[in-house]
Every structure is written in structure tokens, then in C-alpha cells.
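Both backbone and side-chain heavy atoms feed into the values below; hydrogens, waters and symmetry mates do not. Indexing begins at 1, ligand by ligand and atom by atom, following the structure's order. Counting begins at 1 with the first residue of the sequence.
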Amino acid sequence: MNRVLPAAGVAFEAGADVVIIGAGAAGLVAALAANEAGAEVVVVERDAVPSGSTALSAGLIPAAGTRFQREAGIEDSPELFAADIMAKAEGEPDAGVVARLTERIGPVLEWLADAHDLPFDVVTNFSYPGHSARRMHGLPKRTGSELIDRLREAVEARDIPILTEFRATTLFTDEAGRVAGIAGMRPGGGEERVGCRALVLACNGYGGNRNLVARHIPQLAEALWFGHSGNEGDAVLWGQALGAELVHMSGHQGHGSVAQPHGILISWATVMEGGFQVNTAAQRFSDESHGYSEQAATVLAQPEGKAWTIFDERIAGIARQFQDFREAEAQGAIVRAQDMISLAAALGLPTASLAATAAEVAALKRGAGSDRFGRDFRNAPALEAPFCAVRVTGALFHTQGGLRIDTQARVHRPDGTTIPNLFACGGAAVGVSGSRASGYLSGNGLLAAIGLGQIAGREASCLAAYDRA
Ligand SMILES: Cc1cc2nc3c(=O)[nH]c(=O)nc-3n(C[C@H](O)[C@H](O)[C@H](O)COP(=O)(O)OP(=O)(O)OC[C@H]3O[C@@H](n4cnc5c(N)ncnc54)[C@H](O)[C@@H]3O)c2cc1C
């Protein structure tokens with residue numbers, strides 16, 4: 001139920017300068033920023049404890065020119081980062097928003113570290129596809145649950161109220177088109193209304209809404225949904241009712257490396273460091289190095305919608321920094337063998353075919369010939385025994401299409417006007433990946449959650465202060 005109703009005659013039981021719908025990374029960062037800028041803030045969240053897709057993520061955030069990079073001896077710049085985003089998405093995203101986000105995200109991570117005790121550092125031991133510098137920042141455990149817990153603790157430390165088990169259902173607008181407040185369902189079926197001077201939509205995209213996925217991303221309509229069940233497209237549905245412009249609705253982040261049947265994300269380091277993927281015939285089927293997002297549909301197009309990633313113990317050592325990979329090992333998802341014949345036998349793959357495929361990859365790494373799929377293997381070390389493998393499938397991680405926003409995170413109509421006092425951030429807003437899965441550069445999700453979250457919170461607070469005066 002996503003309604004937009006007239007505010008006339010509606011009595012609000014509570015009110016705040018800035019109301020934020022959703023307590024994922026976007027909503028919590030927006031809350032911290034709005035609070036710091038002087039606003040009275042209320043966050044509403046449908047779950048009993050904030051988690052969202054943020055908690056399911058690896059918690060890795062790309063940022064350029066940070067002091068964390070300098071400490072690790074990495075040279076980078078917002079301009080280089082912006083160029084990487086635009087190149088991956090073939091120029092589709094809004095260049096102004098990309099420039100603003102890539103400039104802001106570094107200072108935002110430093111602010112979260114200094115003011116809110118989030119100890120970021122950089123992943124230095126492997127590169128993500130499409131990034132021309134090592135710029136993925138994470139917390140010590142490299143998990144999204146650590147990220148969301150630390151953000152929630154920071155919000156609680158500032159006494160910013162989070163109304164949990166509050167499923168926002170209704171926006172109320174006045175004659176000028178301003179959002180005057182919201183209503184939501186509380187446990188037991190009661191409704192509660194909260195008035196606001198500015199509203200921030202931080203309730204992510206529509207990946208958990210099968211109808212919307214079938215309409216906008218039909219190739220993944222049957223794919224495993226790997227995000228949070230609460231991502232039901234509320235922001236998109238309210239936006240439509242308010243006359244907002246929806247952009248790049250087919251854009252999304254897929255992933256071609258979810259362990260099957262364990263349902264655990266396997267780091268793409270397994271591929272980028274020199275691993276490769278084969279199908280049930282033990283044959284390669286793509287240039288795996290393009291990116292894990294577009295690889296979701298490619299893997300799903302293989303017989304039985306599955307593939308095996310083949311790598312080695314050195315690569316497993318790099319992937320082991322991620323808790324997900326350690327969990328996959330603990331659950332027996334990673335199969336090991338001393339040679340390719342034994343590995344194929346353990347996996348139930350045709351032995352001669354896997355041996356031939358591995359020999360071909362080894363030759364490409366030595367510089368012999370060129371890959372028929374176009375992958376450049378020359379900088380990847382040869383795989384060495386013991387060899388490792390994991391059976392994987394493709395999944396939908398989150399949607400990247402959404403409400404058109406500007407560099408201040410204000411929501412726009414198709415005619416270029418803004419909807420007064422409405423802001424969007426994270427997966428509620430259109431991302432910077434364009435309209436295709438291949439446009440997703442690693443980290444675009446949390447970049448928009450944390451970068452736009454800070455911008456939306458601050459701008460909403462400024463607007464509320466102006467309104468109060
Ligand atoms: C497995 C996985 C791994 C990923 N890894 C990475 C990564 O390493 N780096 C990266 O950049 N991105 C990654 N992503 C993407 C990233 O998780 C998302 O882009 C990001 O978390 C979005 O943040 P958000 O705050 O917009 O949404 P969420 O974290 O989903 O938060 C939205 C919140 O809104 C709440 N909500 C929704 N509707 C309502 C309503 N009507 N009323 C009240 N509350 C509501 C939800 O319950 C939820 O808590 C990954 C995604 C997945 C699934």
C-alpha cells in the first residue's frame with residue numbers, strides 16, 4: 001500500500017524537521033548529517049532492528065583521494081574515479097551527480113571515521129573490475145553488518161530517534177505539493193502519523209518486488225533475489241504517484257558468483273586474481289573480468305543456470321579476508337584437489353574437458369595466443385595446486401534505477417522542476433550505473449547510499465531551517 005493523500009485536515013501525532021524513511025546506510029548517514037546540521041530528525045524503519053541490504057553487503061565503499069589511500073601509498077583522485085564510473089556505464093549517468101559524489105565520498109568517509117568512530121581502511125590486495133586505483137574502503141571485518149551496526153550506534157549516540165516496526169505507507173502533500181508528513185503501520189495494525197518540514201526517501205529500490213522486477217529487469221525475473229526483503233519499491237511507487245521522473249529503471253547490480261546451494265557471496269577476487277568460470281561442459285563461456293554484475297545473466301544463461309569458478313589456494317587466501325568466503329569454506333562450498341582431473345571428478349564435470357580448459361587458460365597466462373572471449377590474462381599468475389572450485393549461480397543484488405535527483409539529492413519531475421522538500425538517496429534514487437547491469441562499477445551501491453545520504457541529510461536540514469525561519 002503506497003498512497004499519496006492530501007494533508008488537509010490530517011492531524012500528526014508527532015513531528016520533526018526532517019523525517020527519513022529507511023534505516024539502511026543511506027537513511028542513517030542522512031540522519032547523522034541532518035542532525036549535525038542542526039535539524040530535529042526522526043528515522044522510521046519497517047524492521048525491528050535496522051539491517052536492510054546494507055547488512056547483507058560486503059560493506060565496501062569506493063572513495064578516491066582519501067587519507068586511508070595515502071597511508072597505503074595509493075595515488076587516486078575524484079576525477080579518475082568519476083571517469084571510471086562514466087566509462088563503465090558508457091556515459092549514461094548524470095555527469096553532475098557523478099562529479100559531486102566522487103568529490104564528496106572521500107571527505108564523508110573521513111567524517112564518519114573521525115566524528116563517528118568508523119575505522120575504515122583500503123582493500124589493498126586485489127583490484128575490482130573497472131577501478132583504475134585500489135579504492136574500496138571497508139571496516140575491519142569487511143561486512144555490511146558491521147557497517148550498519150556502527151552507523152546505528154552512531155545515530156543512537158546522538159539520541160536521534162529511530163521508530164522501528166514503522167512501515168511507512170502514506171505520504172501527505174499540501175496544496176503547494178510539499179510533503180507535510182507520513183503515515184505508517186505499527187505492530188498490532190494501528191496507524192501513526194509524523195509531520196515533517198522535509199522528507200528523505202532512503203528505503204532502497206524494488207528488487208524485492210517481483211512484479212516490478214519482471215517489468216523492468218525481465219532477464220532476472222526468475223533469478224535468486226539476494227537483497228533485503230523490505231526493498232519493495234516504495235520510493236518508486238510514491239515517486240510515480242507524486243509525478244517524479246523515474247530514470248534507468250532497468251539498471252541493476254547482479255552477481256555471477258553466489259555459491260550454490262549455500263547461497264553465500266563468493267568474492268570476485270576468485271576471478272580477478274586469475275580464476276575462471278566454466279559451465280557443465282567444463283568450458284569457459286565469457287570474459288569473466290568484465291564485471292560480476294553483468295556476469296549474473298551470463299551465468300544464468302548457461303545450462304541449469306550454474307557455473308563453477310576455478311581458482312587456487314593463493315587466491316583463496318586473498319578471498320579469506322571476507323567473512324562470507326570463510327563461511328563458504330566452513331559450509332564445505334569450496335572443493336579442493338591436487339590436479340584438474342581430480343577436481344573435475346570431485347565436481348562431477350567432464351575430466352578431459354576441464355583439464356583442457358585449464359591448460360588453455362595457463363597458456364593464455366604465459367602469453368600464448370589470444371582469448372576467444374577477449375580476456376587479458378597476462379598479468380594473472382598461473383594457478384598452482386592445490387586447486388579450488390565453487391559452484392555458483394547468478395543473482396539480483398539490488399536495483400539501480402529510481403527517482404531522478406540532482407546534485408543536492410532533490411527529487412525532480414520530468415519537466416525539470418523539483419518536488420518541494422522531497423529528497424532521495426541510496427537505492428531510492430537513480431544510481432550512477434545507467435540502464436544496464438554492465439554499467440555497475442563495484443561499490444556504486446554504497447557510494448550512492450553513503451555519499452547521497454550525507455548530501456540529502458544536510459540539504460534537508462538546510463531546507464527545514466529556512467522553513468522554520
Ligand atoms: C549481497 C550483497 C552485497 C553487496 N555488496 C556491496 C558492496 O560491497 N559495496 C556496495 O557498494 N554495495 C554493495 N551492495 C549493494 C548495497 O548493499 C546497497 O546498494 C546499499 O546497501 C543500499 O543502501 P540503502 O540504505 O539505500 O538501502 P537498505 O540498506 O536496503 O536500507 C533501506 C531500509 O529501508 C527500509 N524500508 C523500506 N521500505 C520501508 C518503508 N515503507 N517504511 C519503513 N522502512 C522501509 C528497509 O527495511 C531497509 O532497512 C551489496 C548488495 C547485496 C545484496
Side-chain angles (χ1 to χ4, degrees), residues 1-3 19-31 43-63 105 123 128 136-139 142-145 147-148 151-152 162-171 182-186 194 200-209 224-238 252-255 257-258 263-268 292-293 322 324 395-400 402 424-429 431-433 440-453 456:
M1 184 169 53
N2 300 84
R3 299 178 304 185
V19 168
I20 298 168
I21 301 180
L28 295 179
V29 170
V43 185
V44 304
E45 165 55 50
R46 55 183 276 168
D47 289 348
V49 178
S51 60
S53 282
T54 302
L56 302 170
S57 77
L60 297 175
I61 308 147
I105 190 67
V123 175
Y128 283 82
M136 287 299 222
H137 295 66
L139 294 172
R142 306 280 192 250
T143 64
S145 54
L147 177 63
I148 198 79
L151 288 173
R152 179 181 44 75
I162 305 177
L163 302 185
T164 54
E165 298 186 279
F166 184 115
R167 165 90 201 263
T169 56
T170 312
L171 309 190
I182 66 168
M185 299 306 293
R186 303 310 307 269
V194 186
V200 178
L201 296 176
C203 43
N204 209 336
Y206 62 87
N209 181 325
L224 180 67
W225 163 236
F226 216 62
H228 183 249
S229 58
N231 298 163
E232 293 192 81
D234 291 346
V236 163
L237 296 169
W238 282 317
H252 63 276
Q253 181 203 359
H255 210 298
S257 182
V258 172
I264 301 173
L265 170 62
I266 302 294
S267 166
W268 204 238
Y292 51 69
S293 179
F322 297 104
D324 284 334
L396 175 61
F397 273 25
H398 72 283
T399 54
Q400 280 277 295
C425 52
V432 288
S433 307
Y440 185 83
L441 184 70
S442 304
N444 277 359
L446 284 169
L447 169 68
I450 290 182
L452 267 183

Which of the atoms in ligand 1, numbered in the order shown and given with their element, are less than 4.0 Å from a heavy-atom of [X]?
X    : result
Y440 : 10 (C), 11 (O), 12 (N)
G426 : 26 (O)
G59  : 8 (O)
F226 : 1 (C), 53 (C)
A202 : 32 (C), 33 (C), 34 (O)
F166 : 42 (N), 43 (C)
N231 : 30 (O)
A449 : 23 (O)

Should [X] be listed as contacting ligand 1, given a heavy-atom distance under 4.0 Å as the test?
X    : answer
F322 : no
H255 : no
P50  : no

Check: H228 main-chain N/O paired with S53 side-chain donor or acceptor under 3.5 Å = yes

TODO: Mark yes or no for whether Y292, through its side chain, and Q253, through its backbone, hold a donor-acceptor pair below 3.5 Å.
DONE: no

CD1 (I20) and CD (E45) are apart, to the nearest 0.5 Å, by 12.0 Å

Top protein contact for [atom], by heavy-atom distance:
atom                    : value
atom 27 (O) of ligand 1 : N204 ND2, 2.9 Å
atom 11 (O) of ligand 1 : L446 N, 2.7 Å
atom 6 (C) of ligand 1  : S57 CB, 3.5 Å
atom 19 (O) of ligand 1 : G445 CA, 3.2 Å
atom 7 (C) of ligand 1  : L60 O, 3.8 Å
atom 31 (O) of ligand 1 : G24 CA, 3.3 Å

For residues [X] and [Y], determine if any side-chain heavy atom of one lies less than 4.5 Å from a side-chain heavy atom of the other.
X    : Y    : value
Y128 : L60  : yes
V236 : N209 : no
N2   : E232 : no

Test your reading of the structure: does [X] have an N or O sitting under 3.5 Å from an N or O of ligand 1?
X    : value
G427 : yes
G27  : no
A25  : yes

Closest heavy-atom approach to atom 29 (O) of ligand 1 among T54, I264, V43 is made by T54

Of L56, T399, L151, the one whose closest heavy atom lies nearest atom 1 (C) of ligand 1 is L56

Which bit of [X] gets closer than 4.0 Å to ligand 1, counting heavy atoms only: side chain, backbone, both or neither?
X    : value
Q253 : side chain
R46  : both
I21  : side chain
E45  : both
D234 : side chain

- [ ] Step by step, work out the side-chain contact (heavy atoms from CB on, under 4.5 Å) result for Y440 and H255.
- [x] CA-CA 10 Å; Y440 185 83; H255 210 298; over 6 Å; no

For F397 and V258: C-alpha separation, side-chain torsions, deciding distance, then whether side-chain contact (heavy atoms from CB on, under 4.5 Å) applies. CA-CA 10 Å; F397 273 25; V258 172; 3.8 Å; yes

With sequence neighbours left out, the residues meeting side chain to side chain contact (heavy atoms under 4.5 Å, CB included) with A456 are V200, A409, F423, C425

